[in-house]
Structure formats: C-alpha cells, structure tokens
Amino acid sequence: MKDTANHYNPYGDDKVIAACSIFGMMDTSGRRFSGVDITKAIANMHDRGNGLGGGFGVYGIYPEHADHYALHIMYEDKLTQRDVEDFLRDNFHVAFAEEVPTRRAAAIKSPPIVWRYFVYPNSRRPADRSNDDYVVELVMKINTGFRDACVFSSGRNMGVFKGVGYPEEISEYFRLEEYEGYLWTAHGRFPTNSKGWWGGAHPFSILDWTVVHNGEISSYGINRRFLEMFGYICTMHTDTEVVAYAVDLLLRRHGLPIEAAAKVMAPPLWSHIDRLPDNEQALYKSLRQVYSSLLLNGPFTIIVAHEGEMIGLTDRIRLRPLTAGVKGDVLYLSSEESAIRLICPDLDKTWTPMGGEPIIGRLKTNKEGKAVTIEECAVA
Amino acid sequence: MPKYVIIGNSAGGIGAVEAIRQVDSEGPIAIVSDEPYPAYSRPMISEYLSGETSLERMLFRPRDFYRANGVDTIFGKKVSGIDTKESLVKFANGDTLRYEKLLVATGGVPFVPKTEGGDREGVFTFTTLRDANLISSKLENARSAVVIGGGLIGISVTQALVKRDIDVTIVELKDRILNVLLDEEASRIAGQAVLKAGVKIVTNSTVKQITGQPFAEQAVRSVILDNGDEVRCDLVVMAIGVMPRLDAVADSGIKANRGIVVDRYMTTSVPNVYACGDVAEAYDYVLGINRLTPIWPNAYIGGRIAGFNMAGLETEYAGGTAMNSMNYFGLAIVSAGLVTADGQPDCETLYHLNSETNVYRKVILRDGRIVGMAFVNDIDKSGIVYGLMRDGIDVGSFKRALIGDDFALISLPKDLRKERFGISLDSPLYGDQEDLVEELVLE
Amino acid sequence: MLKTYLPARFIVERNASRCIQCQVCVRQCGFDVHYYDEEDDEVRARDERCVACHRCVVFCPTNALTIRKNPLDYRENFNWRGEAIEDIIKQSETGGILLTGMGNDKSYPIYWDKLVLNASQVTNPSIDPLREPMELRTYLGRRPDKVEVDWETGKLNTRLTPLVPLEVPVMFSAISYGAISLNVHESLARAASEAGTLWNTGEGGLHKKLYKYGSNTIVQVASGRFGVHPGYLDAARVVEIKIGQGAKPGIGGHLPGEKVSAEVAATRMIPMGTDALSPAPHHDIYSIEDLSQLIYALKEATNYTKPVSVKIAAVHNAAAIASGIVRAGADIVAIDGIRGATGAAPKIIRDNVGIPIELALASVDQRLREEGIRNQASVVVAGGIRNSADVVKAIALGADAVYIGTAALISIGCHVCQACYTGRCSWGIATTDSYLAKRINPDIASHRLVNLLRAWSHEIKEMLGGMGVNALESLRGNRLHLRGVGLTDTELEILGVRMAGS
Amino acid sequence: MNPTATSIERSGTTVKIDASGVYYRDLNTVLREVVTGDVERIDLVNICGQRYIGTDLGREVEINIHGTPGNDLGAFMDGPRINVYGNAQDGCGNTMNEGEIVIHGHAGDITGFSMRGGKIFIRDNVGYRVGIHMKQYLSKVPSLVIGGTAQDFLGEYMAGGILVVLGLNLRAGETHKANFIGTGMHAGVMYIRGSVERHQLGKEVGIVELNAQDRENLDLLVAEFANHFGYDAKEILAGDFIKLLPLSLRPYGRLYAY
Amino acid sequence: MKRVYPREEVCIGCRLCEVHCKVEHSRSKDVVKAFKREQSVARVRVQENGPLSFALQCRHCPEPYCVYSCLTGAMHRDPGSGVVKHDPDRCVGCWTCVLVCPFGVLVRDVANHRIGPKCDLCPDRAVPACVANCPNEALVYAEEA
C-alpha cells in the first residue's frame with residue numbers, strides 16, 4: 001500500500017488536497033485524561049470533514065515503556081508484517097509487541113493490520129548517529145522499502161491512531177477511551193479524492209513530533225525539495241507531511257526554539273521586519289533569508305505537538321481558523337470554539353491568535369524542570 | 001329640401017361639409033354665400049394682391065369639391081334673415097330655403113371707424129378677394145399708401161403693397177404694431193423688419209381726416225393725423241379689424257353678444273341652429289370663457305365640430321384660442337394664447353432671446369400649463385409647444401427645455417413622448433427600459 | 001508623453017467613389033475612428049483607434065469601407081514578434097497591466113479539432129432524426145446511487161434532489177450585467193426561456209425586470225457577492241458559486257466605476273460610480289471545507305430547493321478539485337477552460353494560465369468515475385465551444401452540458417475584436433453605455449440566439465443519428481464514439497480515447 | 001437526527017428549543033417550521049456549533065441563542081434579530097441582507113462579510129477580515145459595531161456601510177493591533193476609537209476629521225451599542241475617534257494600461 | 001391606418017432610415033446617385049439627446065391639425081389611405097401648419113416659400129423604406145400601438 005502511485009495518490013496529483021477540523025488539548029499540569037472528551041469535540045466539527053480521514057495523537061500513554069520508541073505500523077498483509085518484523089529484529093531491540101486493540105465498528109471498512117512495537121536501537125546503530133536519527137532513518141527505510149507497510153508513529157511514550165473514517169469512528173475503532181494522555185490532538189479530514197489510505201490520515205508524525213493540519217500549502221513543491229536535501233523523503237504526497245519534517249529539521253536537528261521556527265514557517269512581512277529594531281531585524285532577516293524555502297505559503301493552521309509541548313500556529317495572514325481556550329491548567333486549540341465549549345462550557349478565557357503568532361502550551365514542569373504557564377506562552 | 005344649410009362658404013362652412021360627409025354621406029347639403037366664387041383662402045389675399053399667387057391656387061378645395069360632396073351651392077345670393085320658428089333662411093330677393101340643421105358661418109366684416117373723408121375713392125378695406133381686386137386695380141397709378149392699423153391685416157396688406165412697389169405708411173393707434181398678437185419684444189423685432197422694408201410706421205396716432213385731391217375731391221390725397229401731421233398717399237387701407245357679421249341673425253332670436261353665442265357643441269340658443277368661425281363666440285380654452293377668436297383654423301375646426309353635431313355625431317369642441325402664424329418681411333412669427341402675463345394672476349413667463357439673430361422664444365405658464373407662447377424666427381418646433389398648450393399638458397418638469405435651442409419632441413419626458421406618439425403604456429412598443437435621458441442626468 | 005511609439009494595427013480603407021458622407025460610420029464607431037470634416041465635406045478615419053470590430057463595415061450603406069491589418073512588418077524575428085514588441089511599448093507608456101477581452105487567442109492545441117466522431121455503417125443502423133425520435137433532454141443535478149421502490153405499493157422511496165431539465169445541452173455562460181448590457185442579459189434570458197435551457201447571470205446580480213425569467217436562470221454567487229440577497233437566490237433555478245473563470249484563473253475582477261451606471265448600481269446594489277471589486281478568492285472560502293460551508297449556506301438559504309453549482313477554472317489539479325467539489329456537496333461542477341472568455345482580464349493571465357478544457361474534462365470525468373461519484377454531480381464545461389461538433393465531443397468525453405459565451409455573443413453581433421474591456425463595444429454588447437447598449441435589440445438578439453440553438457440541436461441530432469443512438473445520454477461519456485488524430489500517446493491517454501484506426 | 005426528537009416548548013408567542021445534540025440541518029428545519037404564525041421570539045438553548053442559524057427565515061423574529069452558534073450565523077439573513085449570549089464563530093452575518101445580530105461576547109473572522117443591510121453589534125473583540133466587502137445601496141446601509149478591537153484586514157475591500165471599532169478593552173496608551181486596516185476600501189466609512197499608526201492602514205484609506213454627520217452616525221450607533229451591553233454611551237463617545245475614508249471610489253483605476 | 005412607430009429603446013441613431021428615405025424618394029433609387037447627384041431630402045429625421053434617439057416623421061395624425069389649419073388646402077388627407085399629404089404647388093408658406101404640428105416634424109423650405117417634402121409613407125412600397133431598412137427594428141409599421 002505504500003505504492004503511492006497506486007494507492008494513496010493514484011492519479012499522480014502534485015499533492016493530495018485536503019481540508020479539515022483540528023483540535024488539541026493539553027493539561028499542562030501533566031494530569032492524564034482519556035480520549036472521550038477530544039472525541040466529542042472533534043465530532044462536533046463533523047461537517048468540516050467528509051469521513052475519509054480521522055486521527056489522534058496522544059502523549060503520555062505508554063509510561064510503562066517510556067524509554068522505548070513506540071512504533072505503530074500498519075500492514076496490508078501478514079507476509080509484509082513478517083518481513084518488517086524480521087527487519088525490526090535485525091535493527092532494534094524489540095521489548096514488546098502486540099496488535100493494537102480495536103473494536104468492530106460498522107463505519108470502518110477494510111482496516112489494515114495494525115501492530116505496535118516498543119523498540120530501542122541495537123548495536124547496529126553507527127556510533128556517529130543519535131538514537132533519534134537512527135530511528136528516523138529506519139522509519140524512512142521501512143516506509144520506502146516495504147510496499148505494504150507504513151510506520152505512522154515512532155515516538156516515545158506517545159502514539160498516533162488514525163485511519164479512514166470520521167474521527168469519532170476512528171476513536172471508537174481504536175478504543176481511545178481506554179487510553180490516558182496529558183496531550184491529545186485530533187483531526188477530521190476532507191480529502192478531495194476517495195482513495196482513503198489509512199496512512200494518509202493525520203496526524204503526520206516522525207519520532208514524537210506530530211502535526212495536524214488544516215489548509216493547503218501552496219509552497220509545497222519547494223518546501224519538499226528543500227527538505228529532500230536534508231534526507232527527508234516525502235512519501236505521502238501531502239503537504240502536511242512537509243510540516244512534520246520541517247518541524248523536525250528546525251527544532252530537533254537545527255535546535256531552533258519553537259518561537260523562531262514559527263517565524264520561519266510563518267514569517268512576518270518584509271514591511272513589518274523593516275519596522276523592527278535593528279537586532280530583531282537582523283534575526284528575522286536571517287531566518288527568512290536562510291529558510292526562505294520553508295516559508296509555508298498559503299492557508300494553514302497546524303497543531304504541532306511533541307513531548308511536553310503543544311503549539312498552535314496559523315499562516316501569517318491567518319487564512320485558516322484557530323481558537324484557543326484555557327480552563328485552569330488545560331489549554332485547548334480548535335478550528336471552532338464550539339468544539340471546546342462542548343467539553344468545557346465555562347472556559348476561563350478564549351481568543352484567536354494573530355496570524356503567524358504561535359500559541360504554546362508546555363508542561364509546567366518541563367524536561368528542564370522549568371515551570372511555564374500557558375498565559376506566558378500564549379503571548380508570543 | 002336640403003337637410004343641412006350652411007350660410008358662409010369659407011373655412012367654417014367647408015369644415016362643416018367635410019365633417020357632415022364623414023358621418024352622413026347622403027343628407028342633402030346646401031351652402032349659401034353672397035360671394036360668387038368657390039371657397040378660397042381669405043388669408044391669402046395678400047399673396048394674391050402681391051401677385052405671388054393666382055386665383056386658381058387660392059382655391060381652398062379642388063373645383064369639383066361641391067359636386068364630389070353632393071353640395072348644392074347657392075352663391076352670389078345674400079341672406080337677409082332667418083326664421084327660426086319656421087326653419088327658413090330668407091334671402092334678400094325674397095326666396096326662402098328650409099333647413100333641418102342650419103350653420104351660421106357668415107364670418108366677419110371689416111371694422112371701419114367713422115372718419116372724415118372715409119367715403120372717398122381709394123379708401124379700402126382688406127378682407128375679401130373683392131377688396132384685393134379693388135386695391136389691385138387702384139395700384140396701376142398709385143405710388144403711396146397709408147394703412148390704418150398695424151395689426152395682422154395691416155401688416156399683410158402692407159407686405160403686398162410693398163411688393164407692388166408702393167410706399168406705405170402704417171398708422172397705429174397704440175405704441176407698437178401687432179400689439180394685439182405680440183408682446184413688446186416680438187413686436188419690436190417685427191417692427192424692425194417692417195421698417196427695414198422701407199415702410200414708415202407712425203404709432204400712437206389715429207387718422208383724423210382723409211383729404212381729397214384738389215381737382216378730384218373724391219380721390220384720396222392724404223391723411224391728416226390726430227396730431228395734425230399730413231401723410232400724402234394715393235390710397236388708404238382701413239385695416240383695423242373685423243367684427244362678426246351678424247346681419248343675417250338679427251331679429252332671429254339667436255342669442256348674440258358681440259358674436260353669436262355657442263356652446264361646446266357649437267349650438268346657438270336656438271335648436272338646430274349652429275354657428276362657428278368669426279361670427280361666433282366660441283370657447284377659448286386658455287381663458288376658459290367664450291369669446292371671439294376670428295382666425296382661420298378655429299373657423300375650420302369649429303365648422304367641423306358643428307358639422308359632426310349637425311349630422312348627429314355628438315362631438316365636443318375642445319376650444320380654440322388666439323393663434324397666429326406670420327410670414328411677412330422675411331420674418332417668421334408664431335404666437336398663441338396669452339400675449340403677455342400682464343394682469344394675469346399666477347403666471348410665469350420664460351423666454352429666450354438671441355439679440356444677434358433675433359431668435360425669440362417665449363412661453364407663459366400657469367399652474368405648469370402653457371397659456372401663451374410666441375416664437376420668432378426659429379419656429380420649427382413651436383408646434384410641439386402649441387400642442388402641449390392645446391392639450392393642457394403639465395410641462396412644469398421640463399419647462400426650461402421649451403425655450404431651448406435644442407427643443408424637440410425628444411425633450412419631452414418619456415411617458416409624455418410615448419403618449420403623444422399614441423403608444424399606450426401596455427403596448428409592447430412602450431418598452432420597459434428606464435428613461436435613458438434621466439439616467440444620464442443622474443450620472 | 002508626447003507621442004506613442006505604437007503604429008496603427010489596422011488601416012481603414014474608404015472607397016471615395018462609394019462614400020456618400022452619410023456618416024453612419026461616424027455614429028456607429030464606438031472608438032471614434034471615423035469623423036466628419038465639415039469644411040471638406042468628407043468622412044475620414046483615425047486608423048490608430050481602430051480595433052477591427054467591423055461595425056462600420058457592416059453598417060456602411062454603400063459598402064465603401066474595408067478594414068485591413070496594417071501590413072507594416074516588423075523586422076523578422078521569431079522571438080520578438082509584433083505583439084511582444086507592442087505590449088512592451090504599451091506598458092512602457094502607461095506602467096499598467098495590459099488588459100484584454102474575449103478568450104485566449106494563442107495557438108495552444110484545440111483538441112476538439114483532433115477528435116473525430118463515429119458513424120454507423122452496415123453493422124448497426126444510423127437513425128434519421130428528421131422522422132424518428134431523437135432525445136436531447138438532459139437533467140442537471142445530483143442523483144442518488146440507486147432507486148429505491150417499495151414494490152408492494154409501487155411507491156418511490158428515493159427522494160431526488162432538485163434536477164433541472166435542459167431541452168438542449170447548451171447553456172449560456174456567466175456574463176455579468178455591467179460587463180455586458182442589460183439588453184444582452186435580457187436577450188440571453190429570453191432565448192434560454194424559449195429554447196428550454198438556462199442562462200447565467202454572472203456575478204453582477206439580476207436586474208429586476210429579468211426576475212420573470214428566473215426558472216431559466218442560474219444566479220451566480222461570486223466573491224464580490226454583488227446583488228446577492230435572498231430574493232435573488234429565490235428567483236433562480238440554479239445557484240452557482242463562481243470560484244474561477246477560464247480566462248483568468250485565480251484573478252478577481254474590477255468593474256470600473258464608470259461602468260457602474262444607475263441601473264448597474266441598482267442591480268449590484270452598490271453606489272453608482274464606485275468600482276465593483278470582485279476579490280480573487282471568496283473571503284469565506286479559503287479551503288475546501290469552507291466551500292462546503294458556503295454550498296450548504298446557499299442550500300439552507302434556499303431550503304434545499306435548488307441545485308448548487310460550483311464553477312472553477314480548469315487548472316492543473318482540476319480533477320482533484322472537482323472531486324473535492326462534489327464531495328463538498330455541489331450538485332453541478334462547471335469547468336471553464338483556458339480558452340474561456342472574459343470581459344476584461346490581464347492579458348498575461350488570459351494567455352498563460354490554465355489548461356485546455358478538453359483535457360480538464362477528460363480527467364475530471366475519469367476521476368469522478370474512478371471514485372464512484374460521477375452520479376453525484378453533473379459536469380458542465382465551458383471555454384471556446386464553437387459549434388455543435390464541439391458540443392457532441394464534449395458530451396462524448398463526459399460532459400453533461402456545455403456553456404457557450406463567445407458563441408452566443410457572436411450570434412448577436414460580436415466580432416471578437418477583444419476590446420470588451422474598454423466598454424466602448426461598437427456592437428453594443430460589452431458596454432453599459434446607454435448610447436451603445438441600445439444596439440442590442442432583445443427582440444432580434446433573442447431570436448438569433450434561439451436560431452443558433454435550434455441549428456445546433458438539429459446538427460447534434462444528425463450526429464447522434466449517424467452514430468445510431470437516439471438519446472443524448474447514450475453518447476454521454478461514451479468515448480468509444482471518439483477517436484483521436486494527430487495526438488501523442490499521453491494526450492490519447494489523458495483524453496481516454498483511442499487513436500483513429502485502432 | 002430526527003427533528004421531532006428536538007425538545008420544543010411553546011408559551012404564547014415564545015418558543016424555546018433545546019438544541020443539544022441537534023444537527024444544524026434539523027435545527028434549521030425546526031426553525032423554519034416554528035417561525036410561521038404568531039411566533040415572535042425563539043429561545044435556543046444548548047447551541048453548540050450549529051451553522052446558519054437565522055438563514056432563510058425571512059421575517060422579523062427575535063432569536064436568543066444561549067451557547068456558541070456555529071459558522072455563518074445569520075448568513076443571507078433577511079429580517080430576524082439575533083442575540084447571542086456567548087461568542088460567535090467565523091462568518092457571522094455573511095452576506096446578510098436585513099436584521100440585527102447582537103453578540104454578548106466576541107466574534108470570529110470575516111464577521112459581517114459582504115453584509116448589505118442590518119446591524120451587527122459585538123461586545124468584545126473580532127477576528128480577521130471583519131467587515132470585509134461590506135456594501136451599501138441607497139437606504140440599505142449596514143452597520144457593524146465592535147466593542148473591543150479587531151485583527152488584521154479590518155474593513156478590507158469595504159464598499160459601503162459603517163464600521164465602528166470602540167477599543168473599549170484597550171489599556172491606556174495601547175494602540176489597536178490590526179494591520180492592513182481598510183486595504184482596498186473604496187466606499188463606506190470606518191470610525192475607530194483609540195489610536196492606530198499610519199502603517200497599520202491600507203494605502204487606499206485616509207484619516208479625516210469627523211464632521212457633524214459622523215457624530216450623528218456615532219451617537220446613534222454607540223447609543224444602541226451601549227443599550228445592548230449596558231455601557232454609558234456618553235463615556236464611550238467622549239473618547240477620541242478617527243474616521244477612515246477611502247481616498248478613491250476607484251482604488252485600482254490606474255492599475256491598467258488602457 | 002398603419003403608422004410608423006419609433007422604438008427609442010433600440011434606436012441606435014445610425015440614421016440609415018434617413019439614408020434609405022432619401023434613396024426611396026430619389027429619381028434614380030440608387031444610393032450613391034441619390035446622394036451625389038440628386039440632393040434628395042429625407043422625410044424622416046433622427047432626433048438625439050445624449051444616448052436617447054429616435055426617428056421621427058409625419059405621424060399622419062388621426063386629428064391632423066395641419067390639415068384643419070391649412071389656409072390653402074395644400075395640406076390634405078387622402079380620403080382612402082388616410083395619409084396626410086402636402087401639395088407644394090398650393091402651399092404658400094404661411095407656416096400655420098408648423099405652429100400646429102404637435103410633433104414639430106414639418107420643415108420649412110424658406111427659399112421656396114413653402115413646406116419641404118414630408119413623409120408619404122412610401123406609396124410604392126408595402127412597408128416604408130425607413131422601416132424596412134432599420135437595422136435594429138427600431139421602427140415598426142403597425143396599425144395601432
């Protein structure tokens with residue numbers, strides 16, 4: 001099924017165009033909660049999708065395997081599964097493996113076989129390669145080397161669940177009410193062709209980075225060619241994929257803070273930069289000049305998440321909607337406010353960010369042990 | 001016995017004949033006139049006198065008109081009275097003629113004031129072909145003439161005389177010529193044209209006496225004005241005006257003031273007796289009263305209305321008003337209705353004067369309706385204005401256009417234009433476009 | 001600037017022995033080419049203003065006029081040809097975007113001319129349409145996948161969404177009042193009513209007096225939302241969301257203020273004299289789910305009584321976009337190809353953006369079929385349809401119906417001089433100037449349009465008869481009745497037709 | 001969802017509808033049904049995301065919405081008066097023809113897009129492109145009053161109507177944040193209370209002093225605004241207003257070569 | 001009787017009606033000769049006011065005041081056809097008809113002291129030349145409107 005020419009993008013379109021509803025919620029205190037609320041919320045935006053894609057990203061769900069990379073892999077057939085599992089055993093230490101539990105759901109048609117593997121790089125990892133780089137490389141290998149397999153989740157203590165159907169149907173199928181995480185993202189999709197492929201649903205993910213996206217990135221062609229210089233192989237023929245890789249490149253590999261990465265993807269207009277004080281001007285100019293090919297042009301709203309952090313960002317002229325809400329420690333991001341209100345009627349605060357201004361939620365005690373409030377993060 | 005008897009063989013009589021024949025193709029008609037000729041155009045006696053037209057061309061209708069319309073002509077016979085009880089027309093020679101329906105269209109007679117020497121040879125009036133012939137015969141040996149009266153008759157005879165190389169002096173009682181027909185401005189322009197033709201005009205004067213030749217007392221030598229001035233002349237034309245010719249109806253019981261009173265159906269106070277033309281006091285739609293309007297078109301139209309009613313087709317006379325067209329001394333002047341707004345309440349006067357070209361246009365409005373008009377020189381579109389006046393159209397919304405250089409039918413508002421074309425609102429020809437011109441104004 | 005460097009494009013030739021100085025040409029020219037010199041009692045021409053619309057030629061009572069292309073040749077240069085040179089001169093003299101009117105006039109291949117139709121010989125009979133039944137009726141709209149009937153009672157359980165019948169599968173393209181005169185709108189409306197087809201208001205609203213033709217009217221909802229209000233939507237038979245136009249994909253429109261007359265203003269419901277600016281996008285549609293939102297807003301506003309059409313320009317991803325449009329709830333997808341016309345478009349856009357309609361149609365129809373959703377919407381194509389053969393070929397490629405714009409305008413007088421954007425159309429078509437607009441008499445123009453459709457109907461029937469089918473639906477999407485000549489394998493593959501002879 | 005399952009309570013001329021879990025299409029069908037007859041007021045409770053409320057009702061009726069209505073609230077609306085006790089989402093008043101929308105909270109992007117009649121009052125902030133392409137024709141002059149502040153492209157392409165931004169939630173010395181205010185504006189008028197920098201304005205608009213007519217416009221609209229949300233109109237009107245007007249009715253008249 | 005009615009909504013002001021009227025009333029009936037040799041006169045005239053225009057000729061009024069007012073009988077109505085005709089030989093140019101023509105269509109021929117040629121509804125044709133040759137059907141020959 002990875003033969004994209006025949007499966008996911010059978011018509012050889014430049015990119016598959018899709019639009020959607022997106023939702024994210026995060027308890028910055030780290031408290032974990034089930035997928036019930038987010039399922040209700042995303043389902044409230046049913047009409048933004050067309051039943052050809054739904055998915056969720058959850059953080060903090062595998063505390064018992066927190067040190068292992070949790071690979072979620074979908075297979076078209078058992079034969080492929082055996083080949084891929086051989087490949088996994090060759091390159092990783094596989095701590096635990098099981099089929100991802102599902103329940104029969106009427107709306108879900110011909111689902112693939114979905115397994116999860118908790119793995120750690122074995123001795124085959126070259127010394128000059130970090131664990132993360134090694135995982136990325138092998139994920140790319142599986143995704144390009146095995147016709148009917150797809151790794152769609154590869155981070156630690158997190159997981160992506162997605163498929164063809166409305167998001168509430170996917171949630172029901174994957175029994176998401178049984179998982180608990182401190183950060184959930186969700187997506188309802190409206191692709192313009194019917195060859196719904198489970199791998200084509202959102203979130204798109206590499207390592208623990210997940211991206212859900214609403215909009216169409218008109219600059220996709222150049223974004224993709226730029227990322228290909230850095231070894232990312234765009235197999236999905238979708239503009240969302242480049243966002244995931246761009247985030248991985250900028251944040252993980254180039255070490256930019258999220259605020260700076262946001263200014264790469266949604267840079268201020270030159271007329272705005274020209275008015276900035278000199279030092280800021282130099283910074284913004286450099287970012288825009290160096291990463292001009294990562295300007296995500298065209299309408300988009302994305303929710304990017306990784307361990308301990310959730311970022312909402314719209315394009316620089318806010319062509320797609322994003323509403324934020326806060327209740328206590330919980331940050332909500334949504335295409336529509338009503339979806340938030342459905343699960344939290346008495347928000348402390350709701351607002352819509354300016355275009356290109358990220359809204360960031362971080363665990364109050366993050367990896368560096370620094371306490372951060374949502375309020376501070378929200379004002380970029 | 002004729003069913004219809006018409007006394008008078010001019011515009012009114014002919015109008016009546018033509019109307020009767022539209023309704024009744026058979027009822028016998030007799031037309032009576034003391035003149036011996038078929039109907040001719042009286043206003044054209046000026047052209048006749050000047051030699052510009054012939055008797056043949058003056059005929060108002062083709063020679064076979066009477067035969068073709070089945071009209072019995074009793075010409076050259078003077079009517080002496082009417083017996084309305086017996087429905088008889090009485091002739092001077094004692095003959096009588098019974099009628100069922102009678103039209104009195106006897107016209108007018110010239111008004112000749114009593115003047116010392118007024119009975120001399122060479123003193124003429126100017127209303128009939130006979131007058132023109134008499135004057136014409138005098139002109140062989142004449143060099144100069146005095147015309148008493150600067151009205152329409154005076155000017156028309158003056159033009160004929162000028163064309164016959166006669167030096168003319170006009171003596172006018174008032175301060176300007178054509179004062180009954182024209183306002184001061186138009187009158188001034190007309191006066192200039194008359195003077196330019198070599199005519200002398202003496203205003204504010206009357207003729208006190210007409211003197212005779214020293215050795216031929218009966219022949220005119222000069223006139224003495226009321227200020228004592230003497231004007232030499234070989235002939236005098238009395239052109240002061242006409243009065244209704246009422247002799248036929250005297251003692252008939254037919255009610256008359258200055259003229260015979262008729263209602264809107266041209267009926268007199270006596271049943272089956274109608275009157276029209278210069279002899280009748282008919283309805284004037286401008287003034288809203290009955291009065292004398294002794295002009296040719298009104299006579300014809302009045303006769304026509306009378307004819308319809310005589311033949312049994314009840315038809316109301318819309319009324320007429322004073323109206324004149326002049327083409328003398330190279331000047332075109334038309335006027336109708338009120339001459340000035342002086343003394344008229346609630347009137348508004350709009351005018352345009354080009355002092356270089358002497359183009360002059362004037363309209364007088366009351367309540368948005370036209371009650372008077374005068375156009376000098378550029379008269380081509382005056383008929384539209386006259387039509388609006390006759391039909392009592394409210395012109396308030398476009399009144400300024402009436403006197404504009406570009407005035408034409410196109411200047412009227414769309415609805416009115418269409419109405420005048422006879423295109424009804426529900427006709428497919430009406431069109432449902434917005435008024436193009438109004439749109440332009442908005443822009 | 002003192003002097004333009006542009007030579008006249010056309011030369012006006014006047015045969016002096018025929019010219020009677022009647023000045024009909026002077027009055028008929030919308031561009032003030034002809035003028036009368038009173039002193040010399042002679043009519044002359046300012047050649048440099050001539051756009052070769054031929055109004056004067058046609059109206060000259062003595063046939064004294066001819067318009068010729070200026071034979072002046074630039075130095076031969078395949079790259080720097082006259083047009084390229086003159087465009088640069090114009091822009092250097094004004095600093096502005098070059099405007100043009102009508103459709104793309106460049107030499108892109110016209111695939112209609114490389115497709116040939118089939119006819120029956122021996123193995124099956126052709127049909128004589130003059131005496132035997134021949135059905136052209138077409139229904140536009142969304143159809144369910146299957147018919148459900150309660151066979152016990154015979155009751156039809158399938159509730160069809162509103163479908164709109166066409167007696168001839170040719171509709172009149174969207175041309176807004178403002179770009180063209182009200183008389184042209186009226187002519188199109190009347191002709192559509194008489195011929196049993198639909199006309200399209202374009203994005204400039206519907207004049208009050210044309211509401212009576214509502215049942216044959218497609219009303220457009222475009223980015224400018226001009227004249228869009230509940231009454232307008234209620235008046236229509238079909239509501240069309242205009243996303244794009246073949247002549248200017250991705251471009252908005254500016255109806256200049258001077259064309260916004262009192263009547264145009266009333267119809268668009270904007271003040272007189274202000275520019276009517278149609279933004280490039282609908283500002284409530286930045287994504288496919290927004291389109292869906294607007295489609296359903298319009299369905300809600302009309303209580304689901306009318307099909308909603310979505311019109312797009314044929315662009316690279318037309319197939320995917322069309323698929324999305326159908327999924328977004330549209331009942332009709334209208335696609336306008338690169339040869340689609342316009343009243344005014346930047347020349348550079350018109351001549352360079354978009355793809356030919358034949359290719360777009362073939363791929364859209366194919367995509368919708370592959371996805372099993374072809375029945376969910378009708379496909380209408382536009383952009384340079386010139387004759388009934390183009391119509392038949394479009395239908396064989398998969399269209400339900402076509403739109404004609406330029407052909408309709410030619411029928412009522414247009415000579416395709418491409419000067420629509422000036423608003424000075426001598427034929428009174430592409431103008432709101434009252435003086436010029438009167439030149440279209442709706443009585444005459446609607447009659448000519450009906451004649452055109454009648455003639456095409458006859459021809460379509462002849463072609464169908466030749467193919468041995470007596471209902472248009474048997475041709476629809478039936479690409480076996482098409483063969484290609486002079487096409488590459490790729491072109492044949494995209495068109496989904498076989499090479500002639502195979 | 002079956003519309004008959006919707007809970008509908010009638011009392012006199014008021015109808016109360018509990019919309020929890022009701023799909024928008026069913027809700028709007030119910031609204032079309034109940035709006036007939038002598039119903040003057042409809043209270044909608046537990047609204048959460050239902051779209052197109054107020055569309056195709058075509059008459060004056062009061063609709064009170066408790067909750068968060070969905071996108072395109074009052075799209076193509078022609079008559080109703082809507083009060084929202086909560087926030088509104090995107091597209092509120094889209095191409096609205098007549099009627100009134102009062103939002104006791106904030107509203108999203110393109111509020112009042114292409115509206116050609118009626119009034120919208122918003123207590124708090126609004127999103128991007130608010131008042132975009134508002135129009136007017138003769139007596140149909142739409143008004144849009146925003147109590148808080150707005151985001152970018154406020155009044156873009158504005159082709160008519162009156163847009164008022166009161167900035168009531170700005171702190172002393174704080175300027176409005178929106179950029180590209182009135183870009184492409186070619187008719188209508190905008191009044192802004194509080195300050196904006198020149199670079200925040202589109203190049204098609206100019207700042208002018210308010211005249212008596214402007215004051216009259218403001219007095220009326222601010223009075224209505226204050227009345228809806230319990231403010232003191234005088235206090236609001238005492239603030240400094242600027243007026244934005246298009247520099248040309250033909251902003252792109254010189255863009256083309258011929 | 002049939003009259004010519006203008007449709008100003010679609011009159012385009014081309015004046016081809018005038019051209020064809022001249023030709024119809026020329027000796028040669030040849031358009032070039034009619035103009036170049038004969039100086040024939042058009043009896044229909046197009047009026048223009050901004051964008052508005054229409055062709056106007058004698059209306060042959062049901063109540064022809066020109067006939068009623070004519071001092072000489074030159075202006076007369078043909079009893080059979082109802083056409084209002086003008087006999088130039090009998091006309092003396094008093095202009096009374098000008099004053100009473102509610103359409104202002106009568107044209108003075110000052111030099112010849114008479115009214116110029118007027119519309120005769122083209123007695124030799126079934127449809128008057130102006131109507132037959134109007135390119136936009138802006139003239140209609142009809143019984144009543």
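All chains are named by letter (A, B, ...) in the order of the sequence lines, taking the proteins before the strands, and each is independently numbered beginning at 1. Note that the structure is a prediction, hence the values are computed from the model and not measured.
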One pair to check against side chain to side chain contact (heavy atoms under 4.5 Å, CB included): D/N87 and A/W351. What are the steps and the verdict?
CA-CA 10 Å; D/N87 299 325; A/W351 75 102; over 6 Å; no
Side chain, backbone, both or neither of A/T323 within contact of chain D (heavy atoms, under 4.5 Å)
neither
Is chain D contacted by the side chain of A/I317, its backbone, both, or neither, given a heavy-atom distance below 4.5 Å?
both
Mind ranking A/R341, A/M354, A/H272 by heavy-atom pairs under 4.5 Å with chain D and telling me who comes out on top?
A/M354
[atom1]-[atom2] distance between [X] and [Y], expressed to the nearest 0.5 angstrom:
X      : Y      : atom1 : atom2 : value
A/E337 : D/H106 : CD    : NE2   : 4.0 Å
D/R25  : A/D47  : CZ    : CG    : 7.5 Å
A/H46  : D/Y24  : NE2   : OH    : 10.0 Å
A/S271 : D/H199 : OG    : NE2   : 9.0 Å
A/T314 : D/Y128 : OG1   : OH    : 6.0 Å

Most heavy-atom pairs under 4.5 angstrom with chain A, which of D/G108, D/G105, D/A178, D/C48?
D/C48
Top of D/T68, D/I110, D/D152, D/D124 for chain A proximity - count of heavy-atom pairs under 4.5 angstrom:
D/T68
Proximal to chain A - members of residues 69-77 of chain D, heavy-atom separation under 4.5 Å
D/N71
Could you tell me which non-hydrogen atom of D/D90 sits nearest to which non-hydrogen atom of A/P321, and how far apart they are?
OD2-CB, 3.3 Å
At their closest point, which heavy atom of D/Q151 faces which heavy atom of A/T352, and how far apart are they?
NE2-O, 2.7 Å
Does atom [atom1] of [X] have more than 12 heavy-atom neighbours, drawn from other residues, nucleotides or ligands, at distances under 6.0 Å?
X      : atom1 : result
D/D240 : CG    : no
A/K327 : NZ    : yes
D/K177 : NZ    : yes
D/R198 : CZ    : yes

Quick check on D/N46 against chain A: is it the side chain, the backbone, both or neither that has a heavy atom closer than 4.5 Å?
neither
Charged N to carboxylate O under 4.0 angstrom, A/E336 versus D/R51?
yes
Side chain to side chain contact (heavy atoms under 4.5 Å, CB included) partners of D/R81, counting only residues at least two apart:
D/E62, D/E100
